[in-house]
Number of protein chains: 2
Amino acid sequence: MDAVDQPLRADARRNRERILLAARDAFAESGFAVPLDEIAARAGVGPGTVYRHFATKEALFQAVVTARVTNLVAEAQRLGSHADPGGAFFGFLARLGAEGAAKRDTSDAITVPGPLKAEIHDALEVLLSRAQTAGAVRPDITAADLIALMKSLLVAVHENPDPARAERIFAVLTDGLRPPPTSGRTRSPSSQMVI
Amino acid sequence: MDAVDQPLRADARRNRERILLAARDAFAESGFAVPLDEIAARAGVGPGTVYRHFATKEALFQAVVTARVTNLVAEAQRLGSHADPGGAFFGFLARLGAEGAAKRDTSDAITVPGPLKAEIHDALEVLLSRAQTAGAVRPDITAADLIALMKSLLVAVHENPDPARAERIFAVLTDGLRPPPTSGRTRSPSSQMVI
DNA sequence: CAAAATACGGAACGGTGGCCCCGGTTAGCA
DNA sequence: TGCTAACCGGGGCCACCGTTCCGTATTTTG
């Protein structure tokens, strides 16, 4: 990973841009699991060239998704001052779901331990606790639960890419996140998961 | 895969038993992804011996999980004649969740295309449609949706093995599966996932 | 107990994927 | 235009994993 980018040869700069573009597309299509050789081939360079610019495959991944995650966090913080806590929370969840359904690497980005995951976690936690205080979201859920849920549901959506099914799955999530009717327990006793 | 098992040498029969035992534990702990060499090592045999008894790793997996899945299907069919459709459905879901949380290979068994997946799908469909007709489960969900949901949630549970979190996650699922309140829409408009 | 059939173990093969290195090429500058 | 330094390409190394092969060991049988 080159820190300075001022004294960079013209072809080096051009190749770096190409690699980032190709990585963006490849990661979005196939997630982090895409072979690095395919990224290199898409960029029209050799694998060695990729490693000249990015020390490791993960560094390249970080470089690609950082901008997108930062945007998400910014939107979450913007929504954090929203009047309606429930609307802000579910709106951000919808944004996250749309992003994750479109780009396969989003679920990897918010899951792999690192600064990105921490940022999303913190941003989500603010929205979540506000919504919970307002009574719009069930109080037992944590931000880590939500990230785990989102990640696994995004995987499910990617594994059978039916838009209608994706909407149904996310509807189950959003409805399940709402506070359960606190009045006389209508839950059947057999609905407990014994682990 | 040897069809005849009558003329089987004593050590062969013993090793076959050992392999099945080791595979059962290894698959339960690590899912289908466990290296076959580890199964062989656990059984105290060489990898070649495993392949003498089972033509492929997947054949061994099928031999291990078939009994368990068959039991699940039998229980589903038994519950199918239950008086309370909702209770039967959520009870079976709880059973599936418990089984899947305890054994990591359950999610693989019900997901990999094959007869096991088809059996589970059909058994689940009966319970689901009865519960939907009774108004205990939201009507838009399909059996395939449920399998996808269960699989991904089980993966999430296995990735962070906190029993409390597992219960919370499954609570979100069961609550989200209940029919949404049909009365005046309390859903905020921003809760739609735009895909 | 000896011969024949059968099974065993583990080394080896083939494929995949992350990562590195060397010979050739190209940019930048005088 | 010619020289130097940086860069590029892709072949290659290593690790992992499913699978196969073969010399050896064990069991069965006459």
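Here is the naming used below: chain letters follow the sequence lines, and residue numbers restart at 1 for every chain.
Side-chain N or O atoms of T142(B) include one that pairs as donor or acceptor with a backbone N or O of D145(B) at under 3.5 Å. The backbone N or O of L154(A) lies less than 3.5 Å from a partner atom in the side chain of H158(A), making a donor-acceptor pair.
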Side-chain donor-acceptor contacts of residues 71-78 of chain B below 3.5 Å, not counting sequence neighbours, with atom names and distances?
from: E75(B); atom 1: OE1; to: R95(B); atom 2: NE; distance (Å): 2.7
from: E75(B); atom 1: OE2; to: R95(B); atom 2: NE; distance (Å): 3.4

Solution key, residues 62-70 of chain A side-chain donor-acceptor pairs under 3.5 Å, sequence neighbours excluded:
from: T66(A); atom 1: OG1; to: Q62(A); atom 2: O; distance (Å): 2.5
from: R68(A); atom 1: NE; to: E99(A); atom 2: OE2; distance (Å): 3.0
from: R68(A); atom 1: NH2; to: D105(A); atom 2: OD1; distance (Å): 2.5
from: R68(A); atom 1: NH2; to: D105(A); atom 2: OD2; distance (Å): 2.8
from: T70(A); atom 1: OG1; to: T66(A); atom 2: O; distance (Å): 2.7

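For the pair F61(B) CZ and dG18(D) P, the computed distance is 13 Å after rounding to whole Å. As rounded to whole Å, 12 Å separates atom P of dA7(C) from atom CD1 of I19(B). Rounded to a whole Å, the CD1 atom of I39(B) is 15 Å from the P atom of dG9(C). Atom P of nucleotide dG17(C) and atom CG of L60(A) are separated by 17 Å, given to the nearest angstrom.
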Assign a letter to each nucleotide of nucleotides 19-27 of chain D from its 5' end: B, base within under 4.0 Å of a protein heavy atom; S, sugar-phosphate only; -, no contact.
-> BBBB---BS
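In terms of hydrophobic clustering, with Ile, Leu, Val, Met, Phe, Trp and Tyr side chains grouped at heavy-atom distances under 4.5 Å, L146(A) and L116(A) are assigned to a common cluster.
T111(A) and D108(A) share no side-chain donor-acceptor pair at under 3.5 Å.
Taking 4.0 angstrom as the limit, N15(B) places none of its side-chain polar atoms (N or O) nearer than this to OP1 or OP2 of dA7(C). A close approach under 4.0 Å does not occur between any side-chain nitrogen or oxygen of H53(A) and OP1 or OP2 of dC7(D).
Using a 4.0 Å heavy-atom distance criterion, V34(B) is classed as a sugar-phosphate-only contact.
Residues A33(A) and G46(B) each lie close to DNA chain C; by heavy-atom proximity, the contact nearer the 5' end of the strand is made by G46(B). Sequence order on DNA chain D of the closest nucleotides to F32(B) and G44(A) puts G44(A) first from the 5' end.
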